[in-house]
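These notes are about the structure you will find just below.
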Number of protein chains: 2
Amino acid sequence: MKTPDNAPTECRQVQSVLDTVGRRWSGAILVAASRGARRFVDFRRTVPGISDRMLSVRLKELETLGLLRREVIPSTPVQILYEPTALGRELLHVLQPLFRWGEKHLDEVSAATP
Amino acid sequence: MKTPDNAPTECRQVQSVLDTVGRRWSGAILVAASRGARRFVDFRRTVPGISDRMLSVRLKELETLGLLRREVIPSTPVQILYEPTALGRELLHVLQPLFRWGEKHLDEVSAATP
DNA sequence: GTATCCACTAACCAAAAGTTAGCGACTAAC
DNA sequence: GTTAGTCGCTAACTTTTGGTTAGTGGATAC
């Protein structure tokens with residue numbers, strides 16, 4: 001069977017999206033943010049199993065990608081707030097169908113990985 | 001700010017979905033399949049830049065996950081066909097919004113990653 | 001007989017993720 | 001007033017994952 005000429009382009013695009021938002025923890029961090037997490041400790045408590053290092057690395061990445069905004073509040077102790085940008089909220093919105101699929105089918109899928 | 005009690009569960013679910021479909025090449029391979037790719041060489045031609053090894057590894061994973069079905073046709077030379085299962089097609093369907101988001105915003109996002 | 005195709009696999013190297021520990025500046029408890 | 005704990009990180013190191021290159025066997029093509 002033959003694939004259409006634009007198929008490689010589509011594949012490249014899909015690849016790029018998943019390379020940016022599909023990295024380990026990124027999705028979970030965005031969801032945590034959408035559920036109200038703002039401070040470093042909020043995320044650490046809300047994302048199960050993440051280490052300080054990975055959280056720090058991913059928050060920085062997501063900020064660089066323009067999906068989270070970092071705000072420093074010079075109180076004592078200093079507070080650092082992360083919140084979704086408009087772009088981040090839009091991304092969370094299009095991720096909803098994927099999450100619902102996960103809820104529905106994850107048992108079937110993970111049952112297949114021994 | 002406080003996150004709701006079910007937030008960690010949601011994060012875990014998101015994590016699991018993205019751990020399965022968000023691995024490098026998996027999304028592109030599924031898209032290739034949805035565009036008509038069936039044989040090993042079809043995928044290699046349709047997914048730009050993938051190596052034989054990664055293609056082989058990912059096809060096996062996607063088969064184990066129940067997203068692709070592997071069929072051996074004992075012709076000469078033997079043909080191996082991979083096609084999306086019902087579950088795979090459903091997943092592709094819920095990934096569409098994400099892909100469209102990518103088309104629209106990838107330039108903004110990748111412009112932020114130097 | 002040399003060349004190529006198909007669907008892989010082996011051996012090896014690089015990059016990403018995970019683990020453990022600790023930092024400085026502060027606060028609260030005893 | 002010393003001990004313990006919090007917050008937002010970072011450094012050093014190990015493990016896991018991904019990437020590259022090469023090669024396989026059986027077949028047909030020239």
Side-chain angles (χ1 to χ4, degrees), chain A residues 1-3 11-12 14-16 18-30 32-33 37-65 68-83 113-114, chain B residues 1-3 11-12 14-16 18-30 32-33 37-65 68-83 113-114:
Chain A
M1 198 179 269
K2 209 183 160 314
T3 55
C11 289
R12 243 189 302 262
V14 168
Q15 194 54 46
S16 308
L18 290 176
D19 279 357
T20 56
V21 316
R23 315 189 70 163
R24 208 162 294 167
W25 306 112
S26 297
I29 290 171
L30 285 171
R38 287 293 174 271
R39 305 183 60 179
F40 198 89
V41 277
D42 294 340
F43 287 99
R44 205 170 43 194
R45 274 194 287 260
T46 309
V47 179
I50 196 169
S51 68
D52 281 11
R53 191 180 95 83
M54 287 317 296
L55 178 53
S56 168
V57 169
R58 286 292 177 264
L59 284 173
K60 214 169 284 176
E61 278 179 10
L62 293 172
E63 189 201 351
T64 308
L65 290 168
L68 291 182
R69 197 171 65 90
R70 184 179 191 267
E71 187 184 356
V72 180
I73 303 203
S75 51
T76 47
V78 64
Q79 286 191 29
I80 316 275
L81 303 187
Y82 297 89
E83 63 178 337
T113 39
Chain B
M1 198 180 269
K2 208 183 164 309
T3 55
C11 288
R12 244 189 301 263
V14 168
Q15 193 54 47
S16 309
L18 290 176
D19 278 357
T20 56
V21 319
R23 314 190 69 161
R24 207 162 293 168
W25 305 113
S26 296
I29 290 172
L30 285 172
R38 287 294 173 271
R39 305 183 59 178
F40 198 90
V41 277
D42 294 341
F43 288 98
R44 204 170 43 193
R45 274 193 288 259
T46 309
V47 180
I50 196 169
S51 68
D52 281 11
R53 191 180 95 83
M54 287 318 296
L55 179 52
S56 169
V57 168
R58 288 291 177 264
L59 284 173
K60 214 168 285 174
E61 278 178 10
L62 293 171
E63 189 201 349
T64 308
L65 291 168
L68 291 181
R69 198 171 65 90
R70 183 178 192 268
E71 187 183 355
V72 180
I73 302 203
S75 53
T76 46
V78 63
Q79 286 192 27
I80 316 274
L81 303 187
Y82 298 88
E83 62 178 338
T113 39

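The chains referred to below are lettered A, B, ... by the order of the sequence lines, with proteins before strands, and numbering in each begins at 1.
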Between [atom2] of [N] and [atom1] of [X], the distance in whole Å:
| X | N | atom1 | atom2 | answer |
| --- | --- | --- | --- | --- |
| B:Leu59 | D:dG18 | CG | C1' | 16 Å |
| A:Arg44 | D:dT10 | CZ | P | 14 Å |
| B:Ile80 | C:dC6 | CD1 | P | 13 Å |
| B:Glu61 | C:dC8 | CD | P | 15 Å |
| A:Met54 | C:dT20 | CE | P | 15 Å |
| B:Leu55 | C:dC6 | CG | C1' | 12 Å |
| A:Glu71 | D:dG8 | CD | P | 13 Å |
| A:Arg58 | C:dG18 | CZ | C1' | 11 Å |

Can you tell me if [X] touches the phosphate of [N], counting only side-chain N or O atoms and a distance under 4.0 Å to OP1 or OP2?
| X | N | result |
| --- | --- | --- |
| A:Ser56 | D:dT10 | yes |
| A:Arg70 | D:dG8 | no |
| A:Lys60 | D:dG8 | no |
| A:Arg45 | D:dT6 | no |

pair [X]-[Y]: side-chain heavy atoms closer than 4.5 Å:
| X | Y | result |
| --- | --- | --- |
| B:Leu81 | B:Arg70 | no |
| A:Leu55 | A:Trp25 | no |
| A:Tyr82 | A:Leu62 | no |
| A:Arg58 | A:Arg23 | yes |
| A:Ile29 | A:Phe43 | yes |

Can you check whether [Y]'s main-chain N or O pairs, donor with acceptor, with [X]'s side chain at less than 3.5 Å?
| X | Y | answer |
| --- | --- | --- |
| A:Thr64 | A:Lys60 | yes |
| A:Asp42 | A:Arg39 | yes |
| B:Ser16 | B:Arg12 | yes |
| B:Arg24 | A:Asp19 | no |

Seminar exercise, completed: Per-nt protein contacts along nucleotides 21-27 of chain C (heavy atom under 4.0 Å; B base, S backbone sugar-phosphate only, - none) come out as -------
For this session: Check every strand shown and say whether B:Tyr82 touches a base, only sugar-phosphate, or nothing at a heavy-atom separation below 4.0 Å.
Result: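 It contacts sugar-phosphate atoms only.
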Exercise. DNA chain C: A:Val57 or B:Leu81, which has the more 5' nearest nucleotide?
Worked result: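 That would be B:Leu81.
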For this session: Mind running a 4.0 Å heavy-atom check of residues 22-29 of chain B against DNA chain C and sending the residues that fall below it, in number order?
Result: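 The stretch gives none, as no residue of it lies under 4.0 Å from the strand.
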